[in-house]
Amino acid sequence: MRQSEIAGVGHYVPARVVKNADLEQLMETTDAWIQERTGIQERRWFEEGTDTTANMGAKAARKALEMAGLTPDDVQLIVFATLSPDYFFPGSGVLLQRELGLKDTTPALDVRNQCSGFIYGLSVADQFVRTGMYDTVLVVGSEIHSSGLDKSTNGRNVAVIFGDGAGAVVLRPSSRAGHGILSTHLHAQGEFAEELIVKEPSSNRDNRNERMMENKQDLYPLMNGQNVFKHAVVRFPQVINEALAQNNLQASDIDLLIPHQANLRISQFVQQKMGLPNEKVYNNIMRYGNTTAASIPLALSEAVQEGRVKRGDLVCLAAFGSGFTWASALIKW
Ligand code: UT7
């Protein structure tokens, strides 16, 4: 069976930079607390009227297509991962299709797996390319968190972490034997669904629109940070080791690990557990915060731009987040 490879990667972030000092004006927090607990120095917040989840995704997608030497018309399938869609329905995939000016022959699939959404989407796209159903698949992760955060002291454990941004890759059949996506590994554990959640709007409540404001707190993300952290530091190494074992490889074979940018402390813990030196782990959470489904393609795009990924390198992507869901992908670049 043929393999797929990442032929292009791109990203877009809103222009507005929000520093930790800016958050100090909104809630009881400090730059020192945020940096010490998360490593984050600043993040981007969208501008209403300029940025949408779909158009940010489209901007990242255009760059990815350009790098691949392709045009939007070449795209045969869109896979769009986000937890912050433009609408409750339809999903942002069709809006991206419209943004790119594509015809009705390009279907759009929406993925709802939060921080693992990009790798879940990549896995789906990989299967379509492997089976020969499609040759060119766009995988997009895009998020606008800032419009839905509780920016009072009440929501500070979540609000300081999340940021806005987008990233995209183009998958094509691999032209070199043994190169491309080697394998993807997906997991879920629904018993922890409420550990990181936005409860409203919920279809489970009759007259939901009328009742949505009854408990305003449920409109905001709720996170049991310590428990998420505890599970993350176990699941990340597990799913990376699973990918290595399947391919008869070892941690020392990894040239670059790109962990989902959840918290710099989590990334550092995973790095230590995997025994990887600093130069083999890519982090940009310092500048963007946690952008959930966008975080891995955003980091991959910057890593490629900075020359951190070379032809033949073994690149490992790994994610953990709400659901809980977690996932990894191993790529021979
Ligand atoms: O994308 C994947 C999903 N998300 C994650 O992976 C996040 C995982 N969890 C985390 O990153 C960490 O749990 C946090 C960064 C969210 C919190 O760090 P922590 O070290 O676990 O802090 P904590 O929740 O144990 O809170 C410690 C203290 C509390 O005060 P008291 O009860 O000790 O007086 C909090 O109220 O820090 C307080 N606190 C803050 N203080 C200043 C919580 N948020 C803030 C804040 N600024 N922003």
Side-chain angles (χ1 to χ4, degrees), residues 33-40 43 81-83 111-123 141 143 145 149 155-163 165 167 184-198 221-245 251 254 256-276 278 280-286 288-300 315-330:
W33 190 97
I34 299 170
Q35 289 213 43
E36 188 193 315
R37 305 281 177 138
T38 72
I40 299 166
R43 76 285 293 140
T82 186
L83 64 66
V111 170
R112 290 291 309 269
N113 291 91
Q114 299 66 249
C115 303
S116 311
F118 178 76
I119 299 182
Y120 265 72
L122 190 74
S123 178
E143 303 283 8
H145 282 289
L149 299 172
R156 64 182 179 176
N157 70 322
V158 173
V160 301
I161 293 180
F162 291 109
T184 54
H185 306 267
L186 310 179
H187 292 273
Q189 197 173 15
E191 70 183 276
F192 296 113
E194 283 77 23
E195 292 297 274
L196 177 48
I197 187 171
V198 176
L222 301 170
M223 179 170 72
N224 181 351
Q226 284 189 3
N227 201 26
V228 175
F229 196 105
K230 211 174 75 189
H231 284 262
V233 294
V234 173
R235 296 307 192 183
F236 268 107
Q238 252 178 21
V239 79
I240 295 168
N241 281 324
E242 182 184 339
L244 291 169
I254 294 176
L256 195 65
L257 170 67
I258 302 183
H260 159 56
Q261 301 291 289
N263 178 327
L264 190 61
R265 283 167 57 209
I266 294 177
S267 293
Q268 287 167 341
F269 192 94
V270 175
Q271 172 181 345
Q272 189 195 13
K273 192 105 188 178
M274 298 306 301
L276 296 171
N278 287 343
K280 287 192 169 189
V281 183
Y282 191 85
N283 290 303
N284 62 5
I285 191 170
M286 304 74 85
Y288 301 121
N290 178 342
T291 59
T292 53
S295 101
I296 288 178
L298 174 52
L300 179 63
V315 178
C316 182
L317 313 178
F320 176 88
S322 164
F324 294 146
T325 59
W326 60 104
S328 65
L330 215 46

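Keep in mind that the numbers below use all heavy atoms, side chains included, and drop hydrogens, waters and symmetry copies.
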* Asked: Do the ring planes of Trp326 and Phe320 sit parallel (below 30°), tilted (30 to 60°) or perpendicular (above 60°)?
  -> tilted

* To do: Determine yes or no for a side-chain-to-main-chain donor-acceptor pair under 3.5 angstrom, with Arg43 supplying the side chain and Ile161 the backbone.
  => no

* For Gly167 and Ala294, work out which heavy atoms get closest and say how close. => N-CB, 4.2 Å

* Asked: What's the spacing between Leu298 CG and Gln261 CD if we round to 0.5 Å?
  -> 8.5 Å

* Residues that Ser267 engages under side chain to side chain donor-acceptor pair (under 3.5 Å), provided they are two or more places apart -> Asn283

* Could you pull out the closest heavy-atom pair between His145 and Asn290, with the gap in Å? => CD2-O, 3.9 Å

* **Beyond-backbone contact of Lys273 with Ile240, side-chain heavy atoms, under 4.5 angstrom** => no

* Structure fact -> The reported gap from CG in Leu317 to NE2 in His260 (rounded to nearest 0.5 angstrom) is 12.5 Å

* Asked: Going by heavy atoms in the side chains, are Phe229 and Arg265 under 4.5 Å from each other?
  -> yes

* How far does OG1 of Thr38 sit from CG of Leu264, to the nearest 0.5 angstrom? -> 8.0 Å

* Approximate separation, where rounding is to 0.5 Å, of Asn224 CG and Ile197 CD1 -> 12.5 Å

* **Contact summary for Ile296 and Ala319, nearest pair of heavy atoms** => CD1-CB, 3.9 Å

* **Validation row: Pro221, Leu149 side chains within 4.5 angstrom (heavy atoms)** => yes

* Going by atom types alone, do Gln238 and Arg235 pair a side-chain donor with an acceptor below 3.5 Å? -> yes

* **Smallest separation among heavy atoms of Leu83 and Arg112, with atom names** => CA-NE, 4.5 Å

* With a cut-off of 6.0 Å (strictly less than), are more than 12 heavy atoms of other residues, nucleotides or ligands near CD of Gln272? -> no

* **Heavy-atom pair of closest approach, residues Leu122 and Ala329** => CD2-CB, 4.0 Å

* **Derivation of the side chain to side chain donor-acceptor pair (under 3.5 Å) call for His187 and Glu242** => CA-CA 11 Å; His187 292 273; Glu242 182 184 339; 2.6 Å; yes

* Separation of Leu244 CG from Ser328 OG (nearest 0.5 Å) -> 8.0 Å

* Asked: Mind checking whether Leu186 and Ser116 have side chains closer than 4.5 Å, heavy atoms only?
  -> no

* Structure fact -> Residues at least two apart in sequence or cross-chain that pass ring pair (Phe, Tyr, Trp, His ring centres under 6.0 Å) with Tyr282, listed by chain then number, are none

* **Partners passing ring pair (Phe, Tyr, Trp, His ring centres under 6.0 Å) against His185 (at least two apart in sequence or in another chain)** => none

* Asked: What are the two closest non-hydrogen atoms of Ala232 and Ile266, and how far apart are they?
  -> CB-CD1, 4.0 Å

* To do: Find the distance between CZ (Phe118) and CD1 (Ile258) and round it off to the nearest 0.5 Å.
  => 9.5 Å

* Polar contact flag, side-chain donor to acceptor under 3.5 angstrom, Asn278-Gln271 -> yes

* Check: Asn241 and Met274 side chains under 4.5 Å, non-hydrogen atoms -> yes

